[in-house]
Chemist: 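Before we start, here is the structure in question, set down as structure tokens.
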Amino acid sequence: MRTAALIVAGGEGKRFGSPLPKQFLKLAGKEIFIRSVEIFRHSASISKIVLVMHPNWLEKAVKILSDLGLKDVEVVPGGSNRQRSVYNGLVALRKYNPEVVMIHDAARPLFDKGQIVEILGLIKRGTGVVVAEKLVDTLYFVENNYVIDIPDRTKLWKAQTPQCFIFEEILEAHTRAKEDSLNNATDDASLYMKYVGRIKLIDSNSPNFKITSPSDLHLAECYLKSVNQ
Ligand SMILES: Nc1ccn([C@@H]2O[C@H](COP(=O)(O)OP(=O)(O)OP(=O)(O)O)[C@@H](O)[C@H]2O)c(=O)n1
Ligand SMILES: C[C@](O)(CO)[C@H](O)COP(=O)(O)O
């Protein structure tokens, strides 16, 4: 199946607290967003990559990609939140007519590209595939710092990315959400479930945490050192 990667890097990294958005910070010598691009660039299953970048740093990203010989990665401006950035990327991808799209946070540079083939084997109309992680902690529902309920954690996973779909289906979901003024979805699976179909999870088989704070970057550095990357 003709498959595209849509990598979202349109945020400002406010929680990280760096003057430069976190996706430009180096992880073991390479920008975080470059590492995420290269996951898909080095996969024979991916025929096109679109990178959605914060408008203020779009030119900087294009220069970095060009200097690395990654000129075939199309860079488009992001929106005011992740959902809008994904929509911008989907619209840009339409001209390439992909059958499948893998939507990935640039802030998750540790994803194991070896799972791409596994994911594509599960994709079908009416079923999206999301990489996630089983919970190992107990979770609390909280109000005013008091625990009001404790859900059964065997039924809870932590959503990650890539989130993968039949391209026309996820474009329909995002388009209908925009028409319904539903603009605050924190992931793509939620829109897909609302408008299209169901989501199958696969367990991430390597650390695939999102780099959100400085300690996450330190953890990622330690992990890559431990596996000599
Ligand atoms: N308007 C936005 C906001 C986020 N993202 C992307 O969505 C991914 C997950 O978002 P998050 O980790 O929250 O990144 P930021 O929004 O940059 O972080 P913060 O909320 O701390 O500002 C990141 O790769 C981020 O670049 C995006 O493409 N467009
Ligand atoms: C898409 C996501 O990474 C799944 O866990 C997460 O929802 C992104 O949230 P963020 O606040 O945009 O980082």
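In what follows, every heavy atom counts, from backbone to side chain, and hydrogens, waters and symmetry copies are set aside. Indexing begins at 1, ligand by ligand and atom by atom, following the structure's order. In this chain, residues are counted from 1 in sequence order.
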Chemist: With atom 15 (P) of ligand 1 as the reference point, say which of Gly13, Pro109, Ser80 has the nearest heavy atom.
Modeler: Gly13

Chemist: Give the numbers and elements of all ligand 1 atoms closer than 4.0 Å to a heavy atom of Lys210.
Modeler: 9 (C), 12 (O)

Chemist: Taking only heavy atoms of Asp105 into account, list the atoms of ligand 2 that are under 4.0 Å away from them.
Modeler: 1 (C), 2 (C), 3 (O)

Chemist: Starting from atom 12 (O) of ligand 2, which protein heavy atom do you reach first, and at what distance in Å?
Modeler: Arg82 CD, 3.9 Å

Chemist: Run the numbers for me: atoms of ligand 1, each under 4.0 Å from some heavy atom of Ser85, listed by number.
Modeler: 1 (N), 2 (C), 27 (C), 28 (O), 29 (N)

Chemist: Among the heavy atoms of Asn81, does any lie under 4.0 Å from an atom of ligand 1?
Modeler: yes

Chemist: Kindly confirm or rule out an N or O of Ile211 lying under 3.5 angstrom from an N or O of ligand 1.
Modeler: no

Chemist: Could a heavy atom of Lys22 be found less than 4.0 Å from some atom of ligand 1?
Modeler: yes

Chemist: Nearest to atom 7 (O) of ligand 2 by heavy atom, Asn208, Thr212, Thr186: which?
Modeler: Thr186

Chemist: Yes or no, since that's all I need: does a protein heavy atom fall within a distance strictly under 4.0 Å of atom 10 (O) of ligand 1?
Modeler: no

Chemist: Taking only heavy atoms of Gly10, which atoms of ligand 1 are found under 4.0 Å from at least one of them?
Modeler: 1 (N), 2 (C), 5 (N), 26 (O), 27 (C), 28 (O), 29 (N)

Chemist: Side chain or backbone, does Phe16 bring an N or O within less than 3.5 Å of an N or O on ligand 1?
Modeler: no

Chemist: Just which atoms of ligand 1 are under 4.0 Å from any heavy atom in Glu12?
Modeler: 17 (O)

Chemist: Nearest protein heavy-atom contact for atom 11 (O) of ligand 2: which residue, which atom, what distance?
Modeler: Arg15 NH2, 3.2 Å

Chemist: Between Arg82 and Asp105, is there a side-chain N and carboxylate O pair less than 4.0 Å apart?
Modeler: yes

Chemist: Within less than 4.0 angstrom of ligand 1, does Gly78 place any heavy atom?
Modeler: no

Chemist: Could you list the atoms of ligand 1 found under 4.0 angstrom from a heavy atom of Lys14?
Modeler: 19 (P), 21 (O), 22 (O)

Chemist: What do you reckon, does Val52 have a nitrogen or oxygen under 3.5 Å from a nitrogen or oxygen of ligand 1?
Modeler: no

Chemist: Relative to atom 6 (C) of ligand 1, which among Thr161, Val8, Val86 owns the nearest non-hydrogen atom?
Modeler: Val8

Chemist: I'd like to know if Arg108 contacts ligand 2, where contact means a heavy-atom distance under 4.0 Å to any ligand atom.
Modeler: yes

